[in-house]
Amino acid sequence: MIEGTGNMKIMLCYDGSDEAKQGVKEAEKRARAFKGEVLAVASHISDDQSYPKRIEPTELGLKEVQAFFDERGIPCKTLLAYRGFDDHAGVHLLLIAEQNKVDEIIVGIRSRSRVGKLLLGSVAQVVLLQAVCPVLGVKKKLKGP
């Protein structure tokens with residue numbers, strides 16, 4: 001659990017994607033607006049612990065997230081959490097949110113084909129539909145004028 005001011009607790013689901021990086025920016029805005037604190041969480045299969053090449057990019061990404069919030073004076077903790085092989089990442093993230101009594105979850109979303117949605121369980125979809133707290137879905141920033 002994040003120790004701090006007792007204000008809004010925001011959980012940022014972080015996987016290093018463009019959507020997750022946009023989520024960092026949104027978490028900053030919301031933490032400022034609500035005097036909040038951020039818990040940045042990455043969920044990995046426990047077998048990944050034995051493969052540093054799989055974990056190192058996530059560890060580096062979480063360190064960058066921590067530095068981002070530190071530079072801005074926003075309380076932040078990071079968590080690289082491991083789940084069982086058969087456990088769904090979305091369900092795992094929801095369990096972490098519940099354990100940490102977060103007030104809001106920020107998760108990156110991306111569009112996928114109908115077949116992709118059917119064959120692959122979407123982490124964001126599980127989080128959006130099953131969370132007991134508000135969830136903010138964040139898309140990557142579109143390039144344009």
Side-chain angles (χ1 to χ4, degrees), residues 1-46 48-49 51-84 87-114 116-145:
M1 185 171 195
I2 298 176
E3 300 297 328
T5 60
N7 293 326
M8 184 174 192
K9 293 181 184 175
I10 302 164
M11 186 172 105
L12 170 65
C13 302
Y14 190 81
D15 64 2
S17 66
D18 290 340
E19 293 81 10
K21 290 175 183 173
Q22 190 65 34
V24 170
K25 294 174 187 171
E26 193 60 40
E28 176 195 14
K29 290 180 200 172
R30 300 186 69 74
R32 283 196 191 289
F34 298 106
K35 297 185 174 115
E37 46 196 279
V38 177
L39 173 63
V41 180
S43 175
H44 267 273
I45 297 171
S46 59
D48 287 349
Q49 293 178 70
Y51 298 98
K53 288 186 178 183
R54 291 186 193 169
I55 297 301
E56 287 171 2
T58 303
E59 289 175 331
L60 179 60
L62 288 173
K63 285 180 183 176
E64 290 172 355
V65 169
Q66 182 71 57
F68 177 88
F69 287 107
D70 287 349
E71 289 170 7
R72 288 154 179 80
I74 296 172
C76 177
K77 297 254 178 167
T78 61
L79 175 63
L80 176 53
Y82 294 99
R83 65 184 187 278
D87 296 331
H88 189 278
V91 174
H92 186 228
L93 290 166
L94 290 173
L95 178 63
I96 293 167
E98 184 180 316
Q99 290 170 342
N100 286 277
K101 297 178 175 63
V102 301
D103 299 302
E104 180 179 71
I105 300 171
I106 297 177
V107 63
I109 58 173
R110 62 179 73 86
S111 61
R112 296 183 350 207
S113 70
R114 288 184 186 171
K117 289 177 189 172
L118 179 66
L119 296 176
L120 302 172
S122 166
V123 172
Q125 183 175 355
V126 168
V127 172
L128 285 164
L129 296 176
Q130 295 182 20
V132 295
C133 64
V135 178
L136 178 64
V138 180
K139 298 186 292 184
K140 71 178 177 181
K141 191 165 183 142
L142 299 175
K143 293 183 172 117

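In terms of the side-chain contact (heavy atoms from CB on, under 4.5 Å) criterion, Glu98 has no residue partners (sequence neighbours excluded). Under the side-chain contact (heavy atoms from CB on, under 4.5 Å) criterion, Leu60 pairs with Glu64, not counting sequence neighbours. The side-chain hydrogen bond (donor to acceptor under 3.5 Å, both in side chains) search around Gln66 returns Asp70, not counting sequence neighbours. Residues meeting the side-chain hydrogen bond (donor to acceptor under 3.5 Å, both in side chains) test with Thr78, sequence neighbours left out: none.
Closest approach of Ala20 and Tyr14 over heavy atoms only: CB-CD1, 3.8 Å. Taking both residues in full, the closest heavy atoms of Ser17 and Asp15 are given as OG-OD1, 2.7 Å, listed atom of the first, atom of the second, then distance. Nearest heavy-atom pair, His88 versus Gly90, reported as atom, atom and distance to 0.1 Å: ND1-N, 2.8 Å. The two residues Leu62 and Ala40 come nearest to each other via the heavy atoms CD2-O, 4.0 Å. A pairwise comparison of heavy atoms in Gly108 and Ala124 identifies O-CB, 3.5 Å as the closest pair.
For the pair Asp103 (side chain) and Lys9 (backbone), a donor-acceptor distance under 3.5 Å is present. In terms of modelled atom types and a separation under 3.5 Å, the side chain of Asp18 and the main chain of Lys140 share no donor-acceptor contact. Here the side chain of Asn100 pairs no donor or acceptor atom with the backbone of Val102 at under 3.5 angstrom.
Rounding to the nearest 0.5 angstrom, the gap separating the CD1 atom in Ile74 from the CZ atom in Phe68 is 7.0 Å. Considering CD1 of Ile10 and CD1 of Ile105, their distance stands at 11.5 Å, rounded to 0.5 Å. Between the OG atom of Ser43 and the CD1 atom of Ile96 there is a distance of 6.0 Å, given to the nearest 0.5 Å. To the nearest 0.5 Å, atoms NZ (Lys101) and CD (Gln99) are separated by 9.0 Å. Rounding to the nearest 0.5 angstrom, the gap separating the CG atom in Leu136 from the CG atom in Leu12 is 10.5 Å.
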| Where do Ile106 and Met11 land on the side chain to side chain contact (heavy atoms under 4.5 Å, CB included) test, with the steps shown first? | CA-CA 6 Å; Ile106 297 177; Met11 186 172 105; over 6 Å; no

Throw together a table of side-chain donor-acceptor distances under 3.5 angstrom for residues 21-30, partners on residues two or more places apart or in other chains.
unit_1 : atom_1 : unit_2 : atom_2 : d
Glu28  : OE2    : Arg72  : NE     : 3.4
Arg30  : NE     : Glu104 : OE1    : 2.7
Arg30  : NE     : Glu104 : OE2    : 3.1
Arg30  : NH2    : Glu104 : OE2    : 2.6

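For the side chain to side chain contact (heavy atoms under 4.5 Å, CB included) with Gln130, the qualifying choice from Val132, Val126, Leu128, Val127 is Val126, the only one to do so.
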